[in-house]
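Down below is the structure, laid out as structure tokens.
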Amino acid sequence: GTLFSRSWEIYKSRAGTLIALYVLSFIFMALPLGIFAGGGFLLSMKSPESAGLMLSIGGALGGLIGIIAMSGGLAALICAVVDESLGIRDALGKGFTRLWSFIWLWSLLVFIVTGGFLLFVIPGIIFAVWFILAQFVLAEEDDRGMNALFKSKEYVSTYWMDVFVRLFVIWLVSTLIVMVPIIGAVLSLLLVPFTMIYTCLIYKDLKAIKGITICSTTVGRKFKWLFVGTLGYVAMPVAVVAILAALTPVSLPFLLDNSMALLKGGGMEFTVPQEMMPQEADIPPEPVPQEQEVAKAPTPPQAAEPPDTEKLQGRWRGRQMGGDYGWALDISKGALTLKGPDGSEVYSGAIIVNESTDPRQLDIIISKASISQYVGKTASSIYMLEGNRLTLCGSEPGEPIRPASFTPDKLSVCFEMSRG
């Protein structure tokens with residue numbers, strides 16, 4: 001109760017500064033993400049064939065810079081919590097001065113604590129309580145990296161349960177507040193600075209009790225904790241595989257033996273283990289037919305089906321799905337010409353037919369087009385030929401993604417044609 005009361009008094013006097021720094025952290029995250037993602041979008045409009053790449057690069061780069069900038073804002077918030085004399089500008093200056101030290105500390109903290117949770121949860125809880133004060137150690141005492149983690153552990157040692165109970169109470173209160181519909185999101189925004197003050201007071205009380213703490217920071221001790229963190233990432237997959245192997249002694253080797261077939265996809269063949277095969281005694285004999293064999297007349301040889309390159313030849317007329325009638329399609333000697341109802345749209349070029357796929361594919365290498373930017377590009381298409389009816393769906397020339405069905409969407413157009 002005393003801890004809550006002290007935290008509230010500090011919060012009331014510092015709420016404006018701390019909440020502003022917390023909100024600025026999210027603004028620092030959003031600005032680079034919006035700028036770079038928007039830049040990628042604009043570049044993709046000028047070069048549609050590389051739109052996916054531009055958007056991915058812009059989003060990834062903006063996200064990375066945004067996370068770094070947000071880390072600076074959070075570092076400033078911690079500095080302002082530790083030093084009550086800091087205003088917004090001074091806190092930002094101090095936080096960004098130590099930006100990379102905070103990023104390195106948080107990376108170590110997350111790596112080790114997550115590794116502890118992967119070691120079946122309990123070690124992760126222990127590590128989290130030991131090391132949670134490290135960020136305040138960095139802000140006030142300028143101990144960095146593993147040194148800050150070790151000093152936090154030294155402060156908490158012999159008081160672990162006391163610290164755990166106090167942290168558990170504030171974690172529980174925070175969780176209950178966040179669960180409140182609608183208003184919970186707003187309250188959580190106001191609660192984060194309060195939680196930091198609450199945790200910082202634990203750090204200052206322990207520091208006052210123990211005084212100046214000197215920790216052993218040998219290279220061997222640092223590697224030991226990195227090894228413990230790594231152990232969790234290794235132990236969890238091994239444990240999962242071991243449990244699966246114990247629960248399914250037959251099916252797991254079966255899957256492993258056929259893993260290459262699973263990866264290859266279609267046409268896979270499984271090698272079923274002998275113990276999974278039905279025994280000979282369990283298979284009833286097939287009845288032997290008693291009818292006398294009837295002599296069958298030899299089947300006359302059938303004429304070979306002509307290839308689609310021949311069946312597609314000729315003049316086709318029809319409509320664009322969801323659009324106008326009056327479209328004309330002429331295919332002759334490996335070339336195609338498509339004209340719109342009023343003749344204003346004309347596309348022509350060489351075609352490549354692949355009838356071994358499902359659905360069958362037809363690529364059009366544009367040599368002449370009403371839209372000049374399409375010239376020299378390929379329109380990836382699929383088609384379905386049913387007697388004198390032709391259904392053709394194609395992507396925008398230059399677009400690498402081929403239509404997956406005969407339903408038009410934002411990236412493809414479809415035509416229904418009849419011969420004549």
Side-chain angles (χ1 to χ4, degrees), residues 17-81 86 88-115 117-118 131 134-135 138-139 144-146 148-149 178 185 188-189 192-193 196 226 229-230 232-233 237 371 373-374 376-378 380 395-404 409-412:
T17 299
L18 300 181
I19 293 174
L21 288 171
Y22 189 52
V23 172
L24 281 174
S25 300
F26 289 99
I27 294 175
F28 292 159
M29 171 72 180
L31 281 177
L33 182 59
I35 291 171
F36 281 89
F41 176 75
L42 292 176
L43 291 175
S44 68
M45 294 179 66
K46 294 184 177 181
S47 180
E49 65 274 6
S50 57
L53 179 63
M54 294 294 183
L55 291 173
S56 299
I57 293 176
L61 191 57
L64 177 61
I65 296 175
I67 290 173
I68 294 173
M70 183 180 186
S71 299
L74 293 176
L77 176 61
I78 293 171
C79 290
V81 169
L86 294 178
I88 295 176
R89 179 180 298 179
D90 293 334
L92 288 172
K94 195 170 184 180
F96 276 92
T97 299
R98 297 180 179 179
L99 171 61
W100 297 110
S101 297
F102 273 100
I103 290 177
W104 175 237
L105 175 63
W106 287 328
S107 300
L108 291 172
L109 182 62
V110 170
F111 178 80
I112 294 174
V113 172
T114 303
F117 275 101
L118 292 175
F131 300 135
Q135 51 197 344
L138 170 58
R144 309 184 180 202
M146 297 294 288
L149 295 176
V178 171
S188 65
L189 176 67
V192 169
M196 286 193 172
L226 291 175
T230 305
Y233 297 91
I371 302 176
Q373 68 183 44
Y374 290 160
K377 296 181 179 180
T378 299
S380 301
S395 299
E396 181 180 6
E399 175 64 41
I401 301 176
R402 188 184 302 275
D409 54 31
K410 294 180 179 179
L411 298 178
S412 63

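The number of heavy-atom neighbours closer than 6.0 Å to CZ of Phe41, taken from other residues, nucleotides and ligands shown, is 12 or below.
Contact record, Tyr374 with Glu396: OH-OE2, 2.9 Å, taken as the closest heavy-atom pair. Between Ala76 and Leu21, the closest heavy-atom pair is O-CD1, 3.9 Å. Nearest heavy-atom pair, Gly229 versus Tyr233, reported as atom, atom and distance to 0.1 Å: O-CD1, 3.0 Å. Heavy-atom minimum distance, Leu86 versus Cys79: CD1-O, 3.5 Å.
Sorted by first then second residue, the salt bridge (Lys or Arg N to Asp or Glu O under 4.0 Å) pairs that include residues 92-101, not counting sequence neighbours, are Arg98-Asp142.
The CG atom of Leu18 sits 11.5 Å away from the CD1 atom of Ile78 when rounded to the nearest 0.5 Å. Taken to the nearest 0.5 Å, the OG atom of Ser25 stands 6.0 Å off from the CG atom of Leu77. Distance check, rounded to the nearest 0.5 Å: CD of Gln135 to CG of Leu74 gives 9.5 Å.
The side chain to side chain donor-acceptor pair (under 3.5 Å) search around Asp90 returns none, not counting sequence neighbours. Considering only residues two or more places apart in sequence or on other chains, Phe96 meets the ring pair (Phe, Tyr, Trp, His ring centres under 6.0 Å) condition with Phe28. Applying the ring pair (Phe, Tyr, Trp, His ring centres under 6.0 Å) criterion to Phe117, with sequence neighbours excluded, gives no partner residue. For Glu399, the side chain to side chain donor-acceptor pair (under 3.5 Å) criterion is met by no residue, not counting sequence neighbours. Judged as a ring pair (Phe, Tyr, Trp, His ring centres under 6.0 Å), and not counting sequence neighbours, the contacts of Tyr22 are Phe26. Residues passing the side chain to side chain contact (heavy atoms under 4.5 Å, CB included) test with Thr97: none are found, sequence neighbours excluded. Every residue two or more places apart in sequence or in another chain was checked for a ring pair (Phe, Tyr, Trp, His ring centres under 6.0 Å) with Trp104, and none qualifies. In this view, Ser101 and Arg144 satisfy the side chain to side chain donor-acceptor pair (under 3.5 Å) rule, not counting sequence neighbours. By the salt bridge (Lys or Arg N to Asp or Glu O under 4.0 Å) test, Lys377 is found to be paired with Glu49, residues two or more places apart in sequence or in another chain being considered. Every side chain to side chain contact (heavy atoms under 4.5 Å, CB included) that Ser71 has, sequence neighbours left out, goes to Ile67, Leu99, Ile103, Trp106.
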* Asked: Between Phe102 and Leu138, is a side chain to side chain contact (heavy atoms under 4.5 Å, CB included) present by the stated rule, with each step listed?
  -> CA-CA 8 Å; Phe102 273 100; Leu138 170 58; 3.6 Å; yes
* Asked: Trp100 and Ile68: side chain to side chain contact (heavy atoms under 4.5 Å, CB included), yes or no, with the steps?
  -> CA-CA 9 Å; Trp100 297 110; Ile68 294 173; 3.9 Å; yes
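Under the 3.5 Å distance criterion, the side-chain polar atoms of Ser395 are left unmatched by any main-chain donor or acceptor of Ser412.
In this structure, Leu108 and Leu226 have side chains that are in contact, with non-hydrogen atoms separated by less than 4.5 Å. Between Met29 and Ile65, the closest side-chain pair of non-hydrogen atoms is not below 4.5 Å.
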Name the atoms and distances for all side-chain donor-acceptor pairs under 3.5 Å in residues 55-63, with sequence neighbours left out.
| residue | atom | partner | partner atom | Å |
| --- | --- | --- | --- | --- |
| Ser56 | OG | Gly52 | O | 2.8 |

